[in-house]
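The structure under discussion appears below in the form of structure tokens.
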Amino acid sequence: MPYNRPFTDIALRIFCGVKTQLWLLLLCCYSCLPGVAAAKGTLPRVLVLSYSNHPTMQQYYLPIVLQAYQNLGIEIQLVEAAPERFIQLYQQGKIDGDIARIDALSRLLPQLVLVHQLDQMQVSYHCSALVPCKAADINDPNLLIFTPVVKTARQLIKLQVLAKTYEVNSWQQLVDLYQQKKVDRFLMVDGARFHTTLQVSPQRFEIAHRPLPFYHMLHHQHRQLAPLVAEQIEKVLATYPPLPKPEHQNMAVQTKRNQQSPAIQPEQKPDSSLRK
């Protein structure tokens with residue numbers, strides 16, 4: 001006579017099977033959460049990052065950030081983008097972040113994640129040896145000054161320029177035009193820690209403006225990845241000279257100079273200990 005399992009026994013086995021499947025499903029969903037995925041080492045295989053074509057970007061910031069992602073086993077696809085295009089690409093969700101931009105952009109894009117500071121940027125006014133050059137030139141409406149600094153960026157850093165400005169397509173184009181002797185006066189941005197353009201012209205004046213921390217940035221959807229990337233960037237940066245710290249004495253000198261020329265600070269010689 002065949003054995004007939006009690007109904008309760010069959011129901012219990014069915015219930016246990018369904019319960020196990022539900023637990024497995026919940027565990028799978030939990031493991032897919034960004035924070036858990038990052039903790040378990042399930043990192044994105046590829047990220048798309050934008051960047052500017054500034055000479056210092058090419059020589060320093062780009063290799064530093066790429067090395068950090070290489071350490072994590074993440075492939076980076078690069079998209080060149082001036083500030084305005086970077087903003088558009090970010091808002092359209094076409095990029096995962098940027099190699100490095102000034103932190104002021106986070107006021108326009110509040111969901112930007114500032115991953116790690118790479119440098120402190122400084123805007124300066126340059127002239128060739130062929131023209132008279134003084135600090136007050138940027139406020140002379142009769143002069144024409146070339147610049148790749150777009151209006152949006154100037155507004156963000158509260159940089160007032162009363163001279164006529166002509167915006168070129170890129171940083172590298174501006175340097176090329178100057179070296180071809182097609183430009184006599186121009187604005188340039190470079191870093192305190194890493195720089196390639198401080199000596200590009202014989203006459204240079206630093207412009208007074210709010211501090212401009214320069215950060216590697218990620219889209220907020222990768223916020224759980226940011227600490228891992230920041231850790232790797234810190235390891236790479238440890239092989240370079242540290243970011244110069246502002247000194248109270250220097251700040252006092254700058255304030256006194258500003259009283260004589262409100263918009264401009266005269267050139268300060270770069271630290272010779274920095275890596276060229």
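Reckoned from all heavy atoms, side chains included, excluding hydrogens, waters and symmetry mates.
L109 is linked by a side chain to side chain contact (heavy atoms under 4.5 Å, CB included) to F86, I87, Y90, Q91, L112, counting only residues two or more places apart in sequence or in another chain. Not counting sequence neighbours, the partners of E234 by the side-chain hydrogen bond (donor to acceptor under 3.5 Å, both in side chains) test are H116. Taking P63 as the reference, nothing meets the side chain to side chain contact (heavy atoms under 4.5 Å, CB included) condition, with sequence neighbours excluded. In this structure S50 satisfies the side-chain hydrogen bond (donor to acceptor under 3.5 Å, both in side chains) test together with D98, sequence neighbours excluded. Shown here are the side chain to side chain contact (heavy atoms under 4.5 Å, CB included) partners of K164, two or more places apart in sequence or in another chain: L144. Residues passing the ring pair (Phe, Tyr, Trp, His ring centres under 6.0 Å) test with Y51: none are found, sequence neighbours excluded. For H222, the side-chain hydrogen bond (donor to acceptor under 3.5 Å, both in side chains) test picks out D96, with sequence neighbours left out. Remark: F186 engages H126, Y178 in a ring pair (Phe, Tyr, Trp, His ring centres under 6.0 Å) (not counting sequence neighbours). Residues passing the side chain to side chain contact (heavy atoms under 4.5 Å, CB included) test with P213, sequence neighbours excluded: D103, Q117, Q120, P211, Y215.
Counting only heavy atoms from C-beta outward, the side chains of L243 and D119 approach each other to under 4.5 Å. Using a 4.5 Å cut-off on side-chain heavy atoms (C-beta onward), L118 and F194 make no contact. Using a 4.5 Å heavy-atom cutoff, the side chains of L218 and L49 are in contact. Between L114 and M217, the closest side-chain pair of non-hydrogen atoms falls below 4.5 Å. Within the 4.5 Å cutoff, the side chain of R193 has heavy atoms near those of the P244 side chain.
Side-chain atoms of Q122 never come within 3.5 Å of backbone atoms of G191 as a donor-acceptor pair (strictly under, hydrogens ignored). Looking at T197, its side chain never comes within 3.5 Å of a backbone N or O of V200 through a donor-acceptor pair. A donor-acceptor pair is defined here as one N or O able to donate and one able to accept, closer than 3.5 Å; no such pair exists between the side chain of Q59 and the backbone of H54.
Linking ILVMFWY residues whenever their side-chain heavy atoms come closer than 4.5 Å, directly or via other members, places V189 and L108 in the same cluster. Using a 4.5 Å cut-off between side-chain heavy atoms of Ile, Leu, Val, Met, Phe, Trp and Tyr, with links allowed through other members, Y240 and I99 fall into the same hydrophobic cluster. Following chains of ILVMFWY side-chain contacts shorter than 4.5 Å, one can reach Y166 starting from L174, so the two form part of one hydrophobic cluster.
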*For L47 and L225, what are the C-alpha separation, side-chain angles and deciding distance, and is it a side chain to side chain contact (heavy atoms under 4.5 Å, CB included)?*
CA-CA 11 Å; L47 290 177; L225 177 62; 3.8 Å; yes
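A pairwise comparison of heavy atoms in A68 and I233 identifies CB-CG1, 3.6 Å as the closest pair. Of all non-hydrogen atoms in Y69 and H216, the two that sit nearest each other are OH-NE2, 2.8 Å.
Taking a 6.0 Å sphere around CZ of R45, one finds it holds 12 or fewer heavy atoms contributed by other residues, nucleotides or ligands.
Note: L187 CG to W171 CH2 = 8.0 Å, rounded to the nearest 0.5 Å. Annotation: the span from L156 atom CG to L105 atom CG amounts to 6.0 Å, rounded to 0.5 Å.
Counting only residues at least two apart or on different chains, the disulfide bond (SG atoms under 2.5 Å apart) pairs with a member in residues 77-144 are C127-C133. Under the salt bridge (Lys or Arg N to Asp or Glu O under 4.0 Å) criterion, the residue pairs touching residues 179-188 are D137-R185, with sequence neighbours excluded.
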Between side-chain atoms of residues 70-81 and protein atoms elsewhere (two or more places apart, or another chain), which donor-acceptor pairs fall under 3.5 Å?
| unit_1 | atom_1 | unit_2 | atom_2 | d |
| --- | --- | --- | --- | --- |
| N71 | OD1 | Q67 | NE2 | 2.7 |
| N71 | ND2 | Q67 | O | 3.4 |
| N71 | ND2 | Q232 | OE1 | 3.1 |
| E80 | OE2 | N53 | ND2 | 3.4 |

